[in-house]
Protein chains: 2
Amino acid sequence: MGRIGKSTDEIIEAATQLIDQNGLNNFQLGDVAKKMNMKSPSLYNHFDGLKDLIRAVQIKTNEMLFEKLQLDTQGLEGKDGFRKLCFAYRDFYQEHSGIYETMTIPIDKNDKELKRVTLKPVRLLTKFLSTLNMREEFSIHMVRFVRSSIHGFVDLEEQENLVIQVDAEQSFNILVDMLIDGIWRKSELKCNK
Amino acid sequence: MGRIGKSTDEIIEAATQLIDQNGLNNFQLGDVAKKMNMKSPSLYNHFDGLKDLIRAVQIKTNEMLFEKLQLDTQGLEGKDGFRKLCFAYRDFYQEHSGIYETMTIPIDKNDKELKRVTLKPVRLLTKFLSTLNMREEFSIHMVRFVRSSIHGFVDLEEQENLVIQVDAEQSFNILVDMLIDGIWRKSELKCNK
DNA sequence: AAAAATAAACTAACCCGATTAGTTTATTCA
DNA sequence: TGAATAAACTAATCGGGTTAGTTTATTTTT
């Protein structure tokens with residue numbers, strides 16, 4: 001009950017677009033309000049301030065990433081699925097480098113919801129490694145290796161630190177190949193099964 | 001000539017300590033000023049505002065990292081040096097997670113000085129891979145692979161995204177082993193020489 | 001149907017931190 | 001000794017996030 005106003009989801013959508021366009025650093029409540037035809041104090045009826053709105057975008061971004069990864073790898077298994085997953089991840093970054101930044105914001109350890117959605121993409125990765133029948137613990141090490149490499153790559157790319165003339169696309173191809181070679185080889189050693 | 005004041009280096013040092021203690025997000029000019037017994041507007045005699053001061057810390061951080069890497073790997077070569085370099089990098093992050101953040105700030109492509117210092121640690125890495133006699137271009141791909149993995153690992157760690165009960169130390173050990181295995185194996189294939 | 005309750009918008013004001021303008025003080029050079 | 005310069009200071013401005021208090025629209029209750 002009570003007065004009907006703008007929907008919270010629409011506000012999150014507007015914020016998402018602004019962050020994706022302008023980057024997290026240039027993100028301001030005033031811009032969100034303007035885009036929604038409201039005044040910034042009104043946003044406090046929906047969110048507990050700037051950080052809380054960014055958190056909402058962080059959740060949405062993880063959901064978006066998960067959906068893209070799931071869609072792109074549909075029907076694939078093992079190596080094929082894994083390779084496709086890596087490229088889909090990087091595609092997402094290239095299309096959404098703005099909101100990608102939100103995924104690197106430290107997560108409050110009491111934030112159940114946020115923790116839940118960040119695990120969704122990770123579980124997908126775990127799925128593609130599961131055919132290897134690695135020991136549970138070892139497969140966690142592998143997941144971390146993969147996430148580190150892929151995230152690290154796009155993060156360095158964003159930082160423009162790779163810009164010597166050599167093609168980044170090619171670097172990423174090789175990176176994925178080497179991840180696959182390494183993980184599949186390692187998984188064939190008995191000691192990890 | 002002119003009045004003698006606080007030295008610019010001392011201010012950078014103070015800023016470095018504050019960022020290392022409180023994190024980049026909580027960094028404020030007022031705190032620097034207080035620590036230096038001056039008022040914040042006076043800082044503008046040394047720096048062109050907050051961002052410029054942070055840039056100075058970014059430069060200092062890269063220098064510090066370089067020195068640590070160099071020291072820790074002194075006298076080592078090839079695999080040994082490479083492994084030590086990886087661990088030294090992570091040590092640096094663990095000791096200096098605050099200022100580490102500055103190294104992820106995007107670099108203005110016209111900023112010669114900053115670009116110069118960020119290359120110093122990278123060149124050290126290149127050195128340890130040089131014994132492999134890879135094609136120039138291929139070795140750049142390898143450097144990117146390594147940097148991505150290592151930086152990505154500490155970045156995910158910072159984001160607390162790895163905190164399921166499995167030991168991160170062990171994950172990092174395995175990561176480094178797999179980097180070494182992969183790169184040394186690959187370098188033995190004729191096509192890369 | 002009217003009144004009470006509630007939720008979401010609004011305006012006005014506040015606060016904090018970065019920055020700018022203008023002034024004072026200390027040092028150096030002529 | 002005085003002119004020039006550099007670095008500090010005080011006072012004021014500006015921009016964004018936030019808070020307080022009010023108004024408006026909708027729903028529920030009598």
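Order of the sequence lines sets the chain letters (A, B, ...), proteins ahead of strands, with each chain counted from 1.
- Screening residues 64-79 of chain B for side-chain hydrogen bond (donor to acceptor under 3.5 Å, both in side chains) gives B:K68-B:D72 as the qualifying pairs, with residues at least two apart or on separate chains.
- Judged as a ring pair (Phe, Tyr, Trp, His ring centres under 6.0 Å), and not counting sequence neighbours, the contacts of A:F92 are A:H96.
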* Yes or no on side chain to side chain contact (heavy atoms under 4.5 Å, CB included) for B:S149 and B:F145, after CA distance, side-chain angles and deciding distance? -> CA-CA 6 Å; B:S149 302; B:F145 183 30; 3.7 Å; yes

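- The stretch residues 20-37 of chain A touches DNA chain D through A:F27, A:Q28, A:L29, A:G30, each having a heavy atom within less than 4.0 Å of the strand.
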* To do: Show your reasoning for whether side chain to side chain contact (heavy atoms under 4.5 Å, CB included) applies to A:E157 and A:F172.
  => CA-CA 10 Å; A:E157 217 177 354; A:F172 190 72; over 6 Å; no

What does the list of N/O pairs under 3.5 Å between the protein and nucleotides 4-6 of chain D look like, with a distance for each?
{"residue": "D:dA6", "atom": "O4'", "partner": "B:M1", "partner atom": "O", "Å": "3.3"}
{"residue": "D:dA6", "atom": "N3", "partner": "B:R3", "partner atom": "N", "Å": "3.3"}

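- Taking A:E95 as the reference, nothing meets the side chain to side chain donor-acceptor pair (under 3.5 Å) condition, with sequence neighbours excluded.
- Within the structure, every pair that satisfies the ring-ring contact (aromatic ring centres under 6.0 Å, His included) test and touches residues 53-83 of chain A, not counting sequence neighbours, is listed here: A:F82-A:W184.
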Would you tabulate the side-chain donor-acceptor contacts of residues 103-110 of chain B under 3.5 Å, counting partners in other chains and residues two or more places apart, or write 'none'?
{"residue": "B:T104", "atom": "OG1", "partner": "B:E101", "partner atom": "O", "Å": "2.8"}
{"residue": "B:D108", "atom": "OD1", "partner": "B:N110", "partner atom": "N", "Å": "2.7"}

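- Shown here are the ring pair (Phe, Tyr, Trp, His ring centres under 6.0 Å) partners of B:H46, two or more places apart in sequence or in another chain: there are none.
- Near-neighbour residues of DNA chain D inside residues 43-59 of chain B, defined by a heavy atom below 4.0 Å, number-ordered: B:N45, B:H46.
- At a threshold of 4.5 Å between non-hydrogen side-chain atoms, the residues A:I174 and B:M142 count as touching.
- For the contact set between residues 4-18 of chain B and DNA chain D, defined by any heavy atom under 4.0 Å, the members are B:G5, B:K6.
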Could you go through residues 26-43 of chain B and list every donor-acceptor pair under 3.5 Å that involves a side-chain atom there, pairing it with any protein atom two or more places apart or in another chain?
{"residue": "B:N26", "atom": "ND2", "partner": "B:N22", "partner atom": "O", "Å": "2.8"}
{"residue": "B:K35", "atom": "NZ", "partner": "B:Q17", "partner atom": "OE1", "Å": "3.0"}
{"residue": "B:S42", "atom": "OG", "partner": "B:K39", "partner atom": "O", "Å": "3.2"}

* Hey, mind stepping through B:R185 and A:D181 against salt bridge (charged side-chain N to carboxylate O under 4.0 Å, His left out) and telling me if it holds? -> CA-CA 10 Å; B:R185 233 171 80 80; A:D181 289 353; 5.5 Å; no

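- Residue A:S40 places none of its side-chain N or O atoms closer than 4.0 Å to OP1 or OP2 of D:dG17.
- For A:S42 and C:dC10, the shortest distance from a side-chain N or O to OP1 or OP2 is below 4.0 Å.
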Donor-acceptor pairs are to be reported for all side-chain atoms of residues 119-132 of chain B against protein atoms at under 3.5 Å, with residues two or more places apart or in another chain.
{"residue": "B:K120", "atom": "NZ", "partner": "B:E63", "partner atom": "OE1", "Å": "2.9"}
{"residue": "B:T126", "atom": "OG1", "partner": "B:V122", "partner atom": "O", "Å": "2.9"}
{"residue": "B:S130", "atom": "OG", "partner": "B:K127", "partner atom": "O", "Å": "2.6"}

